[in-house]
A.B. asks: 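After the structure tokens below, expect a handful of questions from me.
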Amino acid sequence: MRQYWEQRQQAGDALLLFRMGDFYELFYDQAETAARVLGITLTSRDSGKTPLAGIPYHALQSYLRRLIRAGYRVAISEQIEDPKEAKGVVKRAIMRIVTPGTLTDDSLLDRTQRNVLAAVCEAAADRLRTGPAEVGFATLELSSGEIFVQLCGPERLVDDLCRATPAEIVLAEWEGVGRHPLEAELRERVGAAITYRSPADFNPHRAEQLLTEQFEVRGLIGFGFEKIDASLQAAGALLAYVRETQRGAIRHLRPPRRVNADDYLVLDQTTLRSLEIERTMRGGGRAGTLLAAVDGTRNPMGVRLLRQWLCYPLRDPARIVQRQELIEALRRDDGRRAAVRAALGEMGDVERMVARLGLQRSHPRELRCLGEALLALAGVRAALRDLQHEQADALAERLEGLDEIGQQLCAALRPDAPVALKEGSIFAEGYHAELDRLLAIGRDGQTWLAEYQAREVQRTGIASLKVGFNKIFGYYIEVTNPNRDRVPPEYVRKQTVKNAERYLTDELKRYEAEVLTAESRANELEYELFGQLRDQTAAHIPRMQQAAAALAALDVLAGWAELALRRNWCRPEFVDEPVLEIDAGRHPVLDATMGEAFVANETRLAARPKGSRDQGSEGSRQEDDAGVADRPAEPRSLDPSIARSLALITGPNMAGKSTYIRQAALLSLLAHCGCWVPAKRMRLGVVDRIFTRVGASDELARGQSTFMVEMLEAANILHNASPHSLVILDEIGRGTSTFDGLSLAWAVTEYLATRIGCRTLFATHYHEVTELADLLDGVCNLNVAVREYEDRVVFLHRIVPGAADRSYGLHVAKLAGLPREVLERAHAVLIELEKTFARESQRPVLAAAQRRRQRQLRLFEEPEEAIVRELRDLPAELEPQRALELIRRWRGALAGGR
Ligand code: ADP
Ligand code: MG
């Protein structure tokens, strides 16, 4: 137990799995934890004083997976000497600590997902003294060796971390309190396990030392870092942490690279969720997401990169065009594309194989796979060069220089090389002379045995005499019972089995000693040679990583080329104007599931940065009024010459509003990834951010206080959207009473259209807001065309200009067969309501109110409020006569005012 407690101390807060014979045991409080989490039996020893729970050693991986999923860190302590040879207690040592963010075992990793560790550095003193300053964070993916560092404002930290999806976050202990103030938020919103380390791990000097040591450089300037900032301090803490958990050399880490937030389109967490990019909102599955819809990859490396690309769309048109070009080249050439994709499908996960190589954890079978993958590079290169395209050539170049090591590995290792390192059968014949000699002894032994058996059969005259082998007795001669009396005297009886006796001879024993020692020497030699081969291969890690990255990119692009071709997608055109124009656009997810049945739609938006608009021109109103008044029989197309920055989309439930506005966002996002899009034509100016907000009623899963959340999100958009942003609002303002909601929807629309002028699509059921198209040049109305057909309502899912017909709800009710009496009454109430709203003017009420009050919006002022206002404004001294007069007037207003 002394050994146990020593290691408990080393393991910190990790669960210690303590190897004892065929079991890993947990003790005390940890036994209770494991019993609860794993549902294994809690026992005890020392007559109940020591609680104990055990895991059979061969089932380690599956239990480990469950503990890690539950957010625990696990230290694995192995016996490091042979129990048979040990004097006293068997020596044990912690071989590694497995944590949620540092997985490398294939069986613990999800092949479609990166496993990321992050560290956040935010100097405590700074925060207390000067308020929130810049925060730095770093991420490390141990299974690819990539380290990214990023500086960001504190308000962006959680969103940026969400995008990086770390499974575990390392934080500095907060002085005095221990817990970091961000802990709860990071746990909840990022969904990561939190690990605390001493603030010393984040020290800038220590970071510099660790980083220069790891990458064997004298300073970090060569990597483009002038000075140690918070993000590099975080990288230092990461490095300290993986050294602690991996307990061995880590040879595959790549120098840190800086992520500049401005290089990528900003997508906050809410937008990622509501656009269902990698998870659906209901159910949280992968089916039905954008990721699934645009996944044409053939290799797990591609799947993981695809996720990255979708979550980090590019903002530099030059880089976007590079990807588009490669897709074009691959799309044109069916043969080469098929060849590349087939090769990728067979290649295996080079990136992760290389990572295990870097951690000295590869086994013979995996190294053989790696060798085969490297050999396949020549074919991929040839296919790429045949595309005759500059970008393809550049990609091919990154697959260069590994043929030789590929050949070496395949020549050295047997095609059926095992997983085990110590049981031989690793190397092919001809790889090593001494090994061949030892193996020959075993092989020649087979001939010798056959000859020996023949010789003995002849000598004894027992035709059924056989030479056999088993693990307990080694080689023996077996003679069946009827022949027992013919056995020569020098045979020594060893074992009786059913119907036969087994014997040994001196000759056989001598032979056995020679063969068995040769075998065990061969196994030892193979183990040693394998270690050498592994180290030799490890020297090529950087080049292999470069190739792996190129393969992953190629996989995504070839998949996109295939999609573009099969589904008839088009290549978006980026222009300098801040427009968004889509002809015959389809929703990428529904395009895949509905096919022909999906109705394509067009989108026309043009940002109108502040200062470029003239408000309330009569001309534009005419056009829109025409659209409202008599909707054309055949849906007409949207006129590009009147593109507005903000479109309001109204229409009955289930008409397709949400689909339409998401489609615009998803197509814009795909375009920025370099992917082609489901449309006939798309033209757009670069977007800096996409905001998507879905109102409370459209998102049931959200739970309490939805309205508050909604308002917080609206505030976030209004503060952060720029004229280059794309804003998608779906039914916001719905989670409150009609008037509140309407006023907010109105004000938000107005602000977006006049103060920001960014491209905006707003689906709303507040019909009143459509009047804004009358007032503001930047706003137009769209609705979804609907037809009545016999006794059914048919949604055409076709977006047309103009506001929706308000009485539509009653039509639907009628068609649904509500009693005539109810319908008539509802109709009467509706007319009454409309009259009340339009009480002062024939013009649309809000627009009229707006004009009358010189754009000072007082939507629903009651007479009482007017009176109070007047009262408040009265001078302190007042003539009695004047006071009486006022009171009379007010009384009159209250009596008949409405
Ligand atoms: P709304 O937001 O107006 O209530 P949705 O956008 O949620 O409507 O669409 C409701 C359903 O209508 C979708 O689930 C889809 O099945 C169908 N739909 C929407 N748009 C289209 C379209 N363009 N073509 C065909 N079906 C569509
Ligand atoms: Mg909707």
Side-chain angles (χ1 to χ4, degrees), residues 270-271 273-276 280-283 285 287-290 292-293 567-569 582-604 631 634-638 647-667 677-680 682 691-702 706 710 713 727-735 741 745 760-767 769-770 781-787 789 792-806 808-809 811-813 816:
T270 319
T271 300
R273 273 180 57 235
S274 50
L275 286 180
E276 306 193 305
T280 56
M281 285 211 289
R282 270 157 233 185
T289 60
L290 181 68
R567 300 218 203 113
N568 203 15
W569 288 11
I582 302 170
D583 289 353
R586 279 122 52 205
H587 189 288
V589 176
L590 294 181
D591 178 51
T593 53
M594 292 178 70
E596 290 294 304
F598 188 82
V599 179
N601 271 306
E602 71 183 289
T603 304
R604 294 261 171 282
R631 184 141 26 96
E634 271 309 304
R636 65 176 157 123
S637 110
L638 313 183
L648 290 161
I649 298 103
T650 44
N653 256 336
M654 290 301 286
K657 303 184 294 297
S658 303
T659 307
Y660 173 69
I661 61 177
R662 277 179 176 72
Q663 170 182 313
L666 289 172
L667 265 55
V677 294
K680 204 178 254 152
M682 179 168 186
F691 292 94
T692 311
R693 288 304 177 275
V694 178
S697 68
D698 262 40
E699 199 188 329
L700 301 168
R702 252 239 209 124
T706 46
E710 215 178 295
E713 292 178 355
V727 177
I728 304 297
L729 299 173
D730 199 354
E731 308 273 16
I732 69 153
R734 210 171 181 175
T760 308
L761 289 166
F762 184 1
T764 179
H765 70 297
Y766 288 121
H767 193 273
V769 182
T770 59
N781 285 320
L782 301 175
N783 73 95
V784 196
V786 176
R787 280 258 181 80
Y789 175 72
R792 287 186 303 141
V793 187
V794 179
F795 294 135
L796 299 181
H797 302 305
R798 177 91 203 260
I799 301 292
V800 292
D805 183 350
R806 295 177 76 178
Y808 208 81
H811 277 267
V812 177

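Nothing here was measured: the structure is a model prediction, and the numbers come from that model. Atoms within each ligand, like the ligands themselves, are counted from 1 in listed order. Position 1 is the first residue of the sequence; numbering continues from there.
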A.B. asks: For ligand 1 and Met654, I'd like to know whether there is a polar contact (N/O to N/O, distance under 3.5 Å).
C.D. replies: yes

A.B. asks: May I ask you to list the atoms of ligand 1 that are less than 4.0 angstrom from any heavy atom of Gly656?
C.D. replies: 1 (P), 3 (O), 5 (P), 6 (O), 8 (O), 9 (O), 19 (C), 20 (N)

A.B. asks: Name the option, out of Ala655, Ala600, Ser658, Ala763, that contains the heavy atom nearest to atom 2 (O) of ligand 1.
C.D. replies: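 Going through Ala655, Ala600, Ser658, Ala763 one by one, Ser658 has the nearest heavy atom to atom 2 (O) of ligand 1.
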
A.B. asks: Under 2.8 Å from the Mg ion (ligand 2), can any N, O or S atom of Ser658 be found?
C.D. replies: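 Yes - counting backbone and side chain alike, Ser658 has an N, O or S atom under 2.8 Å.
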
A.B. asks: Ligand 1 versus His587, non-hydrogen atoms closer than 4.0 Å: side chain, backbone, both, neither?
C.D. replies: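 The answer is neither; His587 stays 4.0 Å or more away.
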
A.B. asks: Report yes or no: do Asn783 and Thr650 form a side-chain donor-acceptor pair below 3.5 Å?
C.D. replies: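 Result is no, nothing qualifies.
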
A.B. asks: Answer side chain, backbone, both or neither: which part of Pro652 comes under 4.0 Å from ligand 1, heavy atoms only.
C.D. replies: backbone

A.B. asks: Hey, is ligand 1 close enough to Tyr660 that some N/O pair sits below 3.5 Å?
C.D. replies: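 Min N/O separation from ligand 1 is not below 3.5 Å for Tyr660.
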
A.B. asks: Given Ile661, Asn783, Thr659, which one has a non-hydrogen atom that is nearest to atom 5 (P) of ligand 1?
C.D. replies: Thr659

A.B. asks: Can you check side chain to side chain contact (heavy atoms under 4.5 Å, CB included) on Trp569 and Met682, steps first, answer last?
C.D. replies: CA-CA 10 Å; Trp569 288 11; Met682 179 168 186; over 6 Å; no

A.B. asks: So is there a nitrogen or oxygen of Met594 less than 3.5 Å from a nitrogen or oxygen in ligand 1?
C.D. replies: no

A.B. asks: Has the side chain of His587 got a donor or acceptor atom that lies under 3.5 Å from a matching backbone atom of Arg662?
C.D. replies: no

A.B. asks: Assess whether a salt bridge exists between Asp591 and Arg586, defined as any Lys/Arg side-chain N lying under 4.0 Å from an Asp/Glu carboxylate O.
C.D. replies: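 Yes, Asp591 and Arg586 are salt-bridged.
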
A.B. asks: Is the side chain of Asn601 donor-acceptor paired with the backbone N or O of Ile799 at a distance under 3.5 Å, no angle test?
C.D. replies: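 Judged by distance alone, yes, a pair lies under 3.5 Å.
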
A.B. asks: Can you check whether Arg693's main-chain N or O pairs, donor with acceptor, with Ser274's side chain at less than 3.5 Å?
C.D. replies: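 It does not hold such a pair.
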
A.B. asks: So, does Gly651 sit close enough to ligand 1 that a heavy atom of it is under 4.0 Å from the ligand?
C.D. replies: no

A.B. asks: Is the shortest distance from a Lys or Arg side-chain nitrogen in Lys657 or Asp730 to a carboxylate oxygen in the other one below 4.0 Å?
C.D. replies: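 No salt bridge links Lys657 with Asp730.
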
A.B. asks: May I ask you to identify, for Ala597, whether its side chain, its backbone, both or neither come under 4.0 Å of ligand 1 on a heavy-atom basis?
C.D. replies: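 Looking at Ala597 and ligand 1, just backbone atoms fall under 4.0 Å.
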
A.B. asks: Has Glu731 got a side-chain atom pairing as donor or acceptor with His765's backbone, closer than 3.5 angstrom?
C.D. replies: yes

